[in-house]
Structures are given as C-alpha cells and as structure tokens.
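Okay, structure first, notes after.
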Number of protein chains: 4
Amino acid sequence: MSAIAPTPTRQRRKEARPQELLDAALALFVEKGFAATRSDEVAARAGVSKGTLYLYYPSKEELFKAVVRQNLSTLIAEGAQIAGQFEGPTPELLALLLRTWWERVGSQPASGIFKIMFAEVRNFPEIAQFYVDEVIIPAHQLLGGAVERGIKRGEFRKLPVDDVVHALVAPMIFMSLHEHSFGCCPVRGHDYSPESVLTTQIDLVLKGLEVRPAATAAKKDRKR
Amino acid sequence: MSAIAPTPTRQRRKEARPQELLDAALALFVEKGFAATRSDEVAARAGVSKGTLYLYYPSKEELFKAVVRQNLSTLIAEGAQIAGQFEGPTPELLALLLRTWWERVGSQPASGIFKIMFAEVRNFPEIAQFYVDEVIIPAHQLLGGAVERGIKRGEFRKLPVDDVVHALVAPMIFMSLHEHSFGCCPVRGHDYSPESVLTTQIDLVLKGLEVRPAATAAKKDRKR
Amino acid sequence: MSAIAPTPTRQRRKEARPQELLDAALALFVEKGFAATRSDEVAARAGVSKGTLYLYYPSKEELFKAVVRQNLSTLIAEGAQIAGQFEGPTPELLALLLRTWWERVGSQPASGIFKIMFAEVRNFPEIAQFYVDEVIIPAHQLLGGAVERGIKRGEFRKLPVDDVVHALVAPMIFMSLHEHSFGCCPVRGHDYSPESVLTTQIDLVLKGLEVRPAATAAKKDRKR
Amino acid sequence: MSAIAPTPTRQRRKEARPQELLDAALALFVEKGFAATRSDEVAARAGVSKGTLYLYYPSKEELFKAVVRQNLSTLIAEGAQIAGQFEGPTPELLALLLRTWWERVGSQPASGIFKIMFAEVRNFPEIAQFYVDEVIIPAHQLLGGAVERGIKRGEFRKLPVDDVVHALVAPMIFMSLHEHSFGCCPVRGHDYSPESVLTTQIDLVLKGLEVRPAATAAKKDRKR
DNA sequence: AATGAATGAGATTTCATTCAT
DNA sequence: GATGAATGAAATCTCATTCAT
C-alpha cells in the first residue's frame with residue numbers, strides 16, 4: 001500500500017528487544033525477587049533464548065540495574081508531569097497529587113519497583129544511592145513544596161514538613177507493596193479497595209493539616 | 001557449692017541452639033533476603049557447623065518458615081500486650097497503641113520480619129495466609145476496635161474504619177521497612193528521626209479524626 | 001585509461017579473503033592458542049563479519065587445520081629454497097642453512113606455527129602426521145644430508161647423524177618459541193639477542209663437529 | 001596390632017586430595033592444554049566430584065597456577081641439589097648437570113610443564129614473570145656459572161656465556177616438548193632415543209667448548 | 001549430637017554455528 | 001555474497017544437602 005517498504009521482521013524485533021526484556025524482567029523480579037528469578041525465565045517470557053538476553057545485557061545484575069533505572073526514570077518523569085502550575089487551594093493540590101500518583105504510578109505494573117527496592121537495595125548499594133537521589137529526594141521536594149505552600153498561605157497548621165510528607169507518602173506506597181505481595185491472598189472480612197483507602201487517606205490528612213481555633217487534642221498528645 | 005550441678009556447657013548450648021539459629025537466620029534473611037543467604041552463613045553466625053543446622057531444620061525453606069513463624073508469634077504476643085483495658089479518651093488510646101508498637105516492635109530487630117514478608121510471601125504462599133490470619137487481621141481488629149470505639153463515643157468522625165487503620169498502620173511499618181533497606185544510606189537534607197515522624201503522624205491523624213462543626217475542606221475533596 | 005577495467009573493490013577483497021582470514025587466524029592462534037581464540041576475533045581482525053568467516057571455513061577446527069596446512073606449506077617451500085646446489089666446505093653450508101632458516105623462517109611471523117604445533121597436535125592427530133611428514137622429515141633430511149656430507153668428506157667427526165640434527169635444530173626453534181611465549185616478558189640481566197645466540201650456536205656446533213687429533217674429553221664422557 | 005589407631009579414611013583422603021588433584025590436573029593440562037581441559041575431567045581423574053575440586057582450588061585458573069608452582073618449585077629444588085660442591089673438571093660438571101636434569105626432570109611427567117608454559121603463558125602474564133624469575137633465571141645462573149668456571153679455569157673457549165647456556169638448554173627442553181607433543185606419533189626412519197640424543201648433545205657441546213690451538217673454522221664463520 | 005568433606009543438581013555465562021535478511 | 005541477530009550446547013562455578021567419622 002504505502003510506498004515505504006515494511007520494516008524487516010528481524011530489525012523490528014531487534015529494536016523492540018530491550019524493552020521486551022526489561023518488561024519481562026520487571027514482571028519476574030517483582031513476582032519472585034532478583035535472586036529467585038532465573039535468567040532463562042526472563043528470556044523465555046520475552047520470547048527469546050537465553051543467549052539473546054546476554055546479547056543485550058552482559059549479566060543478570062546489569063539487567064536488574066537496567067530494569068530499576070528504566071522504571072525509575074519513568075517515575076521521575078511522572079513526578080515532573082504531576083507537579084507544575086497549580087493555582088488553586090493547597091488542599092486541592094495535595095489531593096490532586098496523591099490521586100494522580102496513584103493512577104499513574106501506584107496502580108501500574110511499574111509500582112512493583114518499590115517492592116524490588118525494599119527487598120534488594122542492601123545487596124546493591126549503588127542502586128540505593130541512585131534511588132535516594134532520583135526518587136526519594138525529588139518526591140519529597142515535590143510534596144514538601146506543596147505542604148510548605150499550604151503552611152505559608154495559612155491553609156495548613158505548622159507541622160514538620162518532612163514528617164508530614166512521610167505520612168502522605170507511606171500509605172500510598174504501602175498499598176502498592178501490598179498489591180504486589182499479598183494481593184493474591186485477600187484479607188477476608190476487610191474492605192480494602194485502593195479507591196476507598198485513597199479517598200479516606202486524603203480526607204484524613206487534609207483534615208489533620210487544617211487550621212482551626214480549637215486544637216486541644218493535639219496539644220495534649222504532644223506532651224508525650 | 002550448690003546442690004544443683006551446673007548445667008554442662010554442651011547441654012546448655014544445645015537447648016539454646018534453635019533460638020540461636022533462628023536469630024542468626026532472621027538477621028541474615030532481613031539483611032540479604034532468603035535466596036541470597038547461604039546456609040553456612042547462618043550456621044557460622046550461630047556458631048555451629050553447617051551440619052548442625054540440618055539437625056534442627058530439615059531444609060533452608062523450613063528454617064525460613066520457622067523464622068517467620070517464630071517472629072510472627074512474637075508480633076502477635078506484642079499485639080496482645082499492647083491492647084488491653086484502657087479507660088481514657090480514645091485519642092489517647094490510639095496514641096498509646098502506636099507509640100507502644102513502635103517501641104516494642106517497629107524499632108526492634110524483629111521488625112525485619114516485615115521486610116521479609118513483603119519480599120518473599122509470593123514465593124511461600126503457605127506463609128501468606130498465616131501472616132494474614134495471625135498478624136494483619138489481629139492488628140486490624142485491635143486498631144479497628146479502637147477506631148470504632150472513638151466513633152461510637154463521638155470522639156471521631158465517621159470514616160471507613162479499615163481505611164483509617166491503613167492510614168494509621170502504613171507509616172509505621174513503612175518506617176521499619178526504610179530502616180532495614182535504606183537505613184544505611186541516609187537521605188541527606190531530610191530530617192528523618194523516627195521519633196519526630198511518629199509524633200507528627202499521631203498528631204496529624206488524631207486531628208484528622210477529630211469531630212468538628214465545620215468540615216468544609218473535606219467535603220470539597222470528596223466531590224472529585 | 002587502460003582498457004582493463006579496474007577490479008571492483010568487492011571482488012578484489014573477495015579473492016584476498018581466504019588469505020586475510022588465515023593471517024588473522026594465525027596471529028590469534030599463536031598469541032592465545034586455539035581454544036582461547038574466538039571466532040569473532042578472527043573475523044574482526046580480518047575485517048569481516050562472523051558470518052563471512054563461515055562462508056570460507058565450515059568450522060573453527062577446519063580453519064585451524066587450514067592455517068596449519070598453509071603455513072606448513074610455507075615452511076616446506078622455505079626449506080626447498082634454503083637447500084640447493086652448494087659446492088663449498090660443509091661447515092659453511094651448515095652455517096648458511098641455519099642463518100637462512102632464521103632469516104626466512106625463525107624470525108618471521110610464520111614461525112608462530114611451531115608454537116601452535118607443540119601446543120595443539122595432541123588434540124589434532126591428523127595434523128601430527130602431516131607435520132611429521134611434511135616438516136620434520138624433510139628438515140631432517142636436509143640437515144641430515146649436510147651432516148652426512150661433512151662426515152663423508154672427512155670434515156666432521158663420525159657422530160649419530162639424527163642426534164646432531166637435533167642439536168642443530170633445537171636451539172633454533174627454541175628461540176622462536178621463546179619469542180612467541182616469553183617474548184613480551186624479557187629476562188632481565190640476560191643478553192639474549194637472537195643474532196648473538198645464532199652466531200654462538202653455529203660456532204659451537206661446528207667446533208663440536210670438527211675433526212681433530214686429540215678428542216679425549218668426549219671419550220671420557222662417553223663411558224658413563 | 002599397633003597401639004596407634006588407623007587414620008580414618010576420610011581424613012587420610014583429605015590430606016592426599018591436593019596432591020591427587022594437582023597430579024590429575026598436570027596430566028590433563030599437558031595432554032590437552034589448559035583451555036581444552038574441563039574441570040570435571042580433572043575431578044573425575046582425581047576420583048572426586050566436580051564440587052570437591054572447588055573445595056581445594058577456587059577456580060580453574062588458580063588450579064593451573066598451583067600446578068605450575070608446585071612443579072616448578074620441584075624443578076628449582078632439584079637444580080639446587082645438583083649444583084653445589086662439584087670439584088672435578090668442568091666438562092664433567094656440565095655433563096653431570098645435563099644428565100641429572102634429564103633423569104630427574106626432562107624424562108619425568110613434570111616436564112610436561114614446559115609444554116604448558118610455552119602454550120599458555122601469554123594468557124597468564126603473572127605466571128610468565130613467575131616462571132622467568134623462578135625457573136629461567138635460576139637455571140641460567142646455574143649453568144652460566146658452570147660455563148664461566150670452565151672459561152676461568154682455561155677449560156673452555158671464551159664464548160658469550162648466555163648463548164652457550166641457550167645451546168645447552170634448548171635441545172634438552174626441546175626433547176621434552178617433543179615427547180609431550182609428537183611422542184605418540186614417532187618419526188619413522190629416525191633414531192630418536194633420548195639417551196642417544198643426550199649423549200651426542202653432550203659430546204658435541206663439550207667438544208665445541210674445548211680450547212684448542214687451531215680454531216680456524218669458527219673465525220671464518222664469524223665474519224658474516 | 002556435632003562436624004565438615006563430599007556431592008551433584010542447577011544457575012550463570014560463553015561462544016561456535018546458523019540463517020533470515 | 002555478506003551480515004549480525006539469534007541460538008543452545010557446553011563450560012564454569014555455587015551451594016543446599018548428605019553422611020562417614
């Protein structure tokens with residue numbers, strides 16, 4: 001039909017290979033962990049032979065690093081997208097950031113990367129620093145910025161910013177971890193839909209941040 | 001001197017063996033993960049030979065299960081201790097529960113069990129159910145009960161109990177995970193002391209749960 | 001200009017290919033040995049792709065044999081050149097043969113073939129006989145003939161011809177072997193120029209062969 | 001019978017293992033070369049399993065080095081023994097050194113080490129230096145010393161010492177190489193007994209070294 | 001009961017060889 | 001003819017497990 005000759009199969013596949021291999025590896029690493037995943041499994045899932053895998057990544061460890069890097073970049077990119085030129089009230093900004101994060105990251109396959117990180121960083125110190133620099137710090141800056149904005153604008157109480165960020169972030173990532181670990185084995189008797197957890201989490205934290213005349217309960221608690 | 005002959009070293013050690021082995025195994029499994037931990041390392045750390053390990057546990061997998069089971073029991077026992085016959089206002093009860101949990105569990109070595117669980121459950125399905133039944137559900141019942149108490153007594157807003165529990169629990173466990181993963185690689189520029197995080201988390205959530213006349217911000221957020 | 005069209009590059013190279021491949025292979029086999037030389041290295045050094053190599057030689061083993069055969073032929077051809085219609089005194093003939101051999105063979109890259117032969121014949125029995133028939137025997141005949149000529153003409157003592165040939169040949173080839181093995185790693189403190197070794201070797205052996213009235217020392221030695 | 005309990009089989013074997021493995025490895029490395037020898041072959045020949053080999057030597061390369069070192073040390077020790085307190089005429093000393101070397105080294109299995117060295121040194125630079133320092137240099141010093149002694153005592157002509165040593169050594173080692181390479185494939189029609197070669201070599205070289213009034217032939221040869 | 005030498009299945013990785021383009 | 005992506009057999013090495021002492 002077209003005047004352009006069709007890309008030859010070989011070549012088309014060759015270009016797609018790295019991505020196919022990384023996807024296969026991500027899925028398996030998330031499911032079974034790094035050590036328990038065999039090289040041939042990754043190759044098989046990507047539809048190639050064992051040897052081909054080593055044509056693209058010189059060792060299983062390098063493959064692992066490539067998987068982490070590729071998916072972290074995505075995370076970072078998402079973060080940048082999410083942030084930006086929001087104009088309205090800060091509570092709405094925070095709600096938007098958390099919801100968007102869940103839709104774009106937390107509920108996507110790439111969120112498996114969190115499970116991998118927690119499970120394996122201690123065996124890959126180079127990656128630890130990488131992750132801290134490229135994910136944790138930017139994420140904290142993004143959310144920390146929003147919290148500070150709320151405090152400055154008098155919308156939020158004056159609380160330690162980093163700790164608030166922790167309280168915001170932890171339940172989100174925790175949900176991802178759960179899905180990838182206990183996901184298959186539902187906690188019977190519990191109403192555990194991410195959607196609901198998310199909504200309540202936002203409600204709760206925003207209320208907790210809200211400035212009000214009577215803040216007696218918190219003071220008491222402070223004394224410790 | 002005493003009429004009681006001193007326990008011979010051999011025997012004394014013999015009785016302590018299982019515990020020593022489990023402790024060594026826990027430490028290593030937490031540090032390196034199940035697959036990456038070698039049997040001889042465990043034996044060496046427990047001060048016995050490889051062969052001896054197999055006298056007590058018939059396989060590395062069984063050793064792993066024993067480690068998890070033993071430490072889950074500990075967790076459960078801790079849970080029971082923490083709960084109890086509290087009489088005062090519910091916010092104080094919740095604060096007490098969270099603080100006690102952190103002191104007795106989260107900040108202790110045994111908290112490494114959380115990291116193990118997330119990393120390995122999918123490879124040990126039998127354990128998954130075990131953990132759900134023995135840890136997740138009891139913990140949720142404990143905290144869920146407290147939240148419900150607060151709602152019934154008119155101290156807390158009516159929010160979905162399970163979701164509130166998630167918001168309470170996640171940041172706590174998340175801190176444990178961090179210590180065991182990125183602990184060695186501090187996030188420079190961030191003020192991340194568990195003590196501070198804990199205090200803010202309690203303050204934030206209790207404020208979020210508090211009943212007040214004007215709850216406008218939350219309503220707005222709900223619409224989306 | 002010329003009526004003859006210039007050979008197209010492709011074709012010109014095509015004809016040169018086998019030689020280029022054999023040269024590349026010889027160099028690498030000499031340097032690293034048969035097993036440690038990778039096919040792609042040979043191809044790369046010859047400036048072609050791995051696939052092309054297999055268009056010319058059906059396997060690495062056949063390539064090896066071709067390398068040996070081709071270079072053995074060279075050795076043989078050299079042998080023929082060296083021999084010839086010499087008329088003068090036999091000591092001079094021998095000196096000439098040894099010097100010429102060193103210049104034309106021993107000091108040339110092709111001498112690497114000796115290293116290969118010693119290292120690999122036992123893995124390639126077909127080649128062993130080939131080498132014996134085509135190199136060792138002709139060489140021995142050539143030198144043996146010269147030695148016999150000397151004995152017959154009364155220039156040399158009556159010594160076992162084959163053993164004398166060994167004493168003539170060994171130091172020469174030994175030098176080649178050294179260059180290809182320890183060449184890169186000079187024996188400090190030793191004066192080891194091939195030129196000097198060669199001169200002394202000729203001097204020594206010719207003196208040793210020389211007929212003289214008093215040959216007492218040698219007789220004593222014989223007794224043992 | 002004896003009061004001494006018999007060494008338990010396990011332990012007895014354990015002590016013998018390194019030697020058994022080194023012997024097996026030497027034989028196979030000499031026969032097939034380093035790269036072409038498979039680890040399990042070595043293990044099998046030593047009567048143990050693959051895994052056991054790695055209990056004693058952490059890699060095939062280390063095994064190779066151990067083989068070389070063990071056998072070279074022997075060589076050096078032998079050299080030292082042989083040298084020493086010889087009192088008689090230098091020609092007899094040289095003859096003794098060469099004969100003893102052949103009996104104790106050249107004709108023994110350990111002589112296979114020479115073949116290995118020539119074939120593999122370029123791939124193991126550390127070993128190259130080791131060999132030069134521990135074998136080549138001591139050997140040259142030993143023989144060089146003897147040659148110098150002869151020159152000083154007026155028994156030998158003044159010739160470049162290092163070159164003479166080369167002429168002495170080369171035919172001996174060359175014989176070893178031959179046995180290990182073409183040994184299985186005799187050069188028909190040639191009388192090639194080591195004994196005979198050795199005798200002639202000694203005769204020839206000692207005559208060549210001998211001091212005599214008329215040394216015309218050598219002078220002529222020098223001119224070129 | 002305790003040991004640690006021995007085992008061998010299994011994992012990673014390499015590389016000669018093939019074959020679609 | 002030429003290419004180089006793909007293959008998979010084979011080699012090295014690891015480590016959970018056994019068992020003679």
Side-chain angles (χ1 to χ4, degrees), chain A residues 5-15 17 35-43 47-63, chain B residues 10-11 13-14 17 35-44 47-63, chain C residues 10-11 13-14 17 35-44 47-63, chain D residues 5-15 17 35-43 47-63:
Chain A
T7 316
T9 306
R10 267 291 176 94
Q11 196 172 331
R12 214 182 329 122
R13 294 197 66 197
K14 194 209 157 182
E15 275 155 23
R17 279 288 143 74
T37 298
R38 298 201 322 283
S39 309
D40 356 10
E41 280 182 285
V42 175
V48 300
S49 76
K50 217 179 345 172
T52 302
L53 172 58
Y54 283 86
L55 235 46
Y56 292 87
Y57 301 96
S59 72
K60 193 178 149 188
E61 196 166 319
E62 285 305 320
L63 172 64
Chain B
R10 251 310 168 84
Q11 195 171 333
R13 290 200 61 203
K14 188 195 149 190
R17 280 286 149 74
T37 296
R38 297 202 325 280
S39 311
D40 356 11
E41 278 182 286
V42 175
V48 300
S49 77
K50 220 182 339 175
T52 304
L53 172 59
Y54 281 83
L55 289 178
Y56 292 88
Y57 301 96
S59 74
K60 192 179 153 189
E61 204 165 311
E62 285 305 321
L63 171 64
Chain C
R10 255 302 171 86
Q11 196 171 332
R13 292 199 60 202
K14 188 196 147 188
R17 282 284 150 73
T37 297
R38 296 201 328 279
S39 311
D40 357 10
E41 278 182 287
V42 176
V48 299
S49 77
K50 221 184 332 175
T52 304
L53 172 58
Y54 281 83
L55 289 177
Y56 291 90
Y57 301 95
S59 73
K60 193 178 152 189
E61 203 165 312
E62 285 306 321
L63 171 64
Chain D
T7 316
T9 306
R10 266 291 175 95
Q11 195 172 333
R12 213 182 328 120
R13 296 196 67 198
K14 194 209 155 180
E15 275 155 23
R17 278 288 144 73
T37 297
R38 297 200 323 282
S39 310
D40 356 10
E41 279 183 286
V42 175
V48 299
S49 77
K50 216 183 344 171
T52 303
L53 171 59
Y54 283 87
L55 235 46
Y56 291 88
Y57 300 97
S59 73
K60 195 178 148 188
E61 197 166 317
E62 284 305 319
L63 172 64

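- Between the P atom of E/dT13 and the CD atom of A/E62 lies a distance of 10 Å, rounded to the nearest Å.
- For A/Y57 and F/dA5, the OH to P distance is 14 Å, given to the nearest whole Å.
- Regarding D/K50, its NZ atom lies at a distance of 11 Å from the P atom of E/dG10, rounded to whole Å.
- Distance from the side chain of B/S49 is smallest for E/dT3 among the nucleotides F/dG8, F/dT3, E/dT3.
- Under 4.0 angstrom from either OP1 or OP2 of F/dC15 there lies no side-chain N or O belonging to B/S39.
- For the side-chain hydrogen bond (donor to acceptor under 3.5 Å, both in side chains) test, no residue two or more places apart in sequence or in another chain qualifies with C/S59.
- Nucleotide F/dA11 holds its C1' atom 11 Å from the CD atom of D/E41, rounded to whole Å.
- Place D/D40 and C/L53 on DNA chain F by their nearest nucleotides, and C/L53 ends up nearer the 5' end.
- With rounding to whole Å, C/R38 atom CZ is found 13 Å from E/dT13 atom C1'.
- In this structure, the side chain to side chain contact (heavy atoms under 4.5 Å, CB included) partners of C/A36, at least two apart in sequence or on a different chain, are C/K32, D/N123.
- Between C/Y56 and F/dA2, a side-chain N or O to OP1/OP2 separation shorter than 4.0 Å is present.
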Paired and unpaired positions of DNA chain F as dot-bracket, Watson-Crick or G-U wobble under 3.5 Å, | denoting a partner strand: .||||||||||||||||||||
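- Residues satisfying the side-chain hydrogen bond (donor to acceptor under 3.5 Å, both in side chains) test with A/Y54, not counting sequence neighbours, are A/S39.
- Checking F/dC13, E/dT3, E/dT17 against the side-chain heavy atoms of C/S59 singles out E/dT17 as nearest.
- Distance D/L55 CG to F/dT14 C1': 11 Å, rounded to the nearest Å.
- Not a single side-chain hydrogen bond (donor to acceptor under 3.5 Å, both in side chains) links A/E61 to another residue, sequence neighbours left out.
- Between the CG atom of A/L63 and the C1' atom of E/dT13 there is a distance of 14 Å, given to the nearest Å.
- Checking the phosphate oxygens (OP1, OP2) of F/dG1, no side-chain nitrogen or oxygen of C/R17 falls inside 4.0 Å.
- Remark on DNA chain F: of its neighbouring residues B/T37 and D/E61, the 5'-side contact belongs to D/E61, judged by nearest-heavy-atom nucleotide.
- Side-chain N/O atoms of B/T52 include one lying less than 4.0 angstrom from OP1 or OP2 on E/dT3.
- For A/T52, the side-chain hydrogen bond (donor to acceptor under 3.5 Å, both in side chains) partners at least two apart in sequence or on another chain are A/S49.
- For the pair A/Y54 OH and E/dA16 P, the interatomic distance rounds to 18 Å; values are reported in whole Å.
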